[in-house]
There are 2 protein chains.
Amino acid sequence: MTAITDALRTTGSVRLDDIDPRSTPGFDGDKEAGTAALEGGAKRLGELQERLFAASRAGDERAVLLMVQGMDTAGKGGIMRHVVGQVDPQGVRIKAFKAPTEEERAHDFLWRIERELPEPGLIGVFDRSHYEDVLIHRVRSLTPADEIERRYGQIVEFEQRVAERGIRLVKVMLHISFEEQGARLLERLERPDKHWKYNPGDVDERAHWAAYMEAYEIAIERTATEAAPWHVVPADRKWFARLAVHELLVEALEAIDPQWPAADFDVAAERERLLATGGVRPAP
Amino acid sequence: MTAITDALRTTGSVRLDDIDPRSTPGFDGDKEAGTAALEGGAKRLGELQERLFAASRAGDERAVLLMVQGMDTAGKGGIMRHVVGQVDPQGVRIKAFKAPTEEERAHDFLWRIERELPEPGLIGVFDRSHYEDVLIHRVRSLTPADEIERRYGQIVEFEQRVAERGIRLVKVMLHISFEEQGARLLERLERPDKHWKYNPGDVDERAHWAAYMEAYEIAIERTATEAAPWHVVPADRKWFARLAVHELLVEALEAIDPQWPAADFDVAAERERLLATGGVRPAP
């Protein structure tokens, strides 16, 4: 457990108003120091990921699942690019959940989630998740209130089962301020190379900001458990949010502590067999 | 077209014996210069990939498909890590083709390939491909000779269709020497953290080296077309192979030349709507 991850974890309730989106809990360096810490940690993260992958080849069934939630412009894409992008892409599966398809709507809300759980040895990453079904669905009344009530319990049970299967859950809410979202949306409007990221619907959702914050607080309180804690990551400073999620991934992998598998063949005999093929210069 | 990609491309026949796996065609720098060129090109590759992705959001259906073939230890994994890993993982789909499953064997050999073609805006990457069905299948007589004969033609037709759909094909053979493979297999045996990558079957395949080289030459000759040329990449020097594949990806994206989509909304009106939500500091 690092100072940052310790400071961000919650298994109880939070008041988002009390968490400054510009703060950097557990880290007293500046942007330069934070960026250097992120870059400096890439090697460690990469080695842990490779060990996780290797261990799965010998039957280790464990995996990691990073779930990233946040308001539009909170920096989910940047987390994918700058944190998830630090590790070997062969060991990562990113899934972005959009509005459900007709087929998905015909099933329970967790059906499409379960199908995307990471296989052993992989780092799964969810860009949005089943939490949309208790966030926008609550704010926009897309689902009856009593059904949303039931969903919190279903989520807790589901995540408990997932954790018991050996998938380590890392739940992140990127916490930006109303003002910072305004500035980021404005930037998307002012730069032609950002227009494709702008969606007029984002402004409509913005009118419901307070209701979203309340929905997040309720979702966190109802679903933050020992098996699947939440991490509220202050995200007005992109460099801090990226460093924090990096640390969370490192911590999850260190908790698994995957080991290089032992050889399931006779190393000395294979060496002889290899040398017998010719053209091999044995090390001096 | 860069000097490297130009030097590596073939739409005709090749003699692998005449291509030195330690050579660096089209590049006269050393390892340090090559590594710097690879790192220096990351930004350009990243920007092109983002433009490809953005363009697809406005209906551009084009995509890139990198297919990587090579003998065991040729460096396919390193290409994934160090070249494909240069771009935003959200824009990449890597598919490693293993021995076909029972379901896959019940279909035509191209069935499982077609299902993994990249969607618009993505860079698809195949770690092995349908070429296994004319390489190991030929060397190990897993398929009757007349059927393998037919497959070359089927591959050419298939790739032609894929190219016509707007998927730009980049076919790469990582060309290592018999001696270099021996050294790399030996290293896997001598380092406990590499044992998991070692497979005794690799030594058995090594006994068929000459037959594999012949199978590659035939496959290349029969399937190198204008729509889907082959690139034989000397790969004894890992740094060169990575730089070369990087250049091939840049070239493919530059040929597509994807454009930032125009706004499909009224920018000025959206700006007013956004400012009306409050909390937005307009730029000075």
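None of the values given here were measured: they were computed from a predicted structure. Letters A, B, ... mirror the listed sequences (proteins, then strands); counts begin at 1.
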Based on non-hydrogen pairs under 4.5 Å, which of [options] is most in contact with chain B?
{"options": "Gly85(A), Gly279(A), Gly182(A)", "value": "Gly279(A)"}
{"options": "Ala276(A), Ala262(A), Pro261(A), Pro200(A)", "value": "Pro200(A)"}
{"options": "Gly77(A), Ala183(A), Gly46(A)", "value": "Gly77(A)"}
{"options": "Pro192(A), Ala54(A), Ala268(A), Ala269(A)", "value": "Ala54(A)"}

Legend entry - Winner by heavy-atom pair count (cut-off under 4.5 Å) against chain A, out of Ala207(B), Ala55(B), Ala96(B), Gly278(B):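 Most pairs with chain A among the choices: Gly278(B).
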
Legend entry - chain A interface, residue from Glu187(B), Glu180(B), Glu50(B), Lys194(B) that has the most non-hydrogen pairs under 4.5 Å: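 Most heavy-atom pairs under 4.5 Å with chain A: Glu50(B).
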
For [X], which atoms come within 4.5 Å of any heavy atom of chain B: side chain, backbone, both, or neither?
{"X": "Ala58(A)", "result": "neither"}
{"X": "Lys197(A)", "result": "side chain"}
{"X": "Leu185(A)", "result": "both"}

For [X] and [Y], which heavy atoms make the closest approach, and how far apart are they?
{"X": "Arg57(B)", "Y": "Trp196(A)", "result": "CG-CE3, 4.1 Å"}
{"X": "Tyr198(A)", "Y": "Glu270(B)", "result": "OH-OE1, 2.6 Å"}
{"X": "Pro89(A)", "Y": "Ile94(B)", "result": "CB-CD1, 3.6 Å"}

Inset, instruction - Side chain from CB out, backbone as N, CA, C, O: work out which of these in Asp127(B) comes under 4.5 Å of a heavy atom of chain A, or both, or neither. - result: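 For Asp127(B), the contact with chain A is made by the side chain alone.
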
Inset, instruction - State, with a plain yes or no, whether a side-chain heavy atom of Asp193(A) is found less than 4.5 Å away from one of Glu47(B). - result: no

Inset, instruction - Compare all side-chain heavy atoms of Thr277(A) with those of Gln181(B) and state whether any distance is below 4.5 angstrom. - result: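 No. Closest side-chain heavy atoms not under 4.5 Å.
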
Inset, instruction - For the pair Arg273(B) and Asp204(A), find out whether any cationic side-chain nitrogen is under 4.0 Å from an anionic carboxylate oxygen. - result: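 Answer for the salt bridge query: yes.
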
Legend entry - Gap separating the CG atom of Asp202(A) from the CG atom of Leu274(B), nearest 0.5 angstrom: 10.0 Å

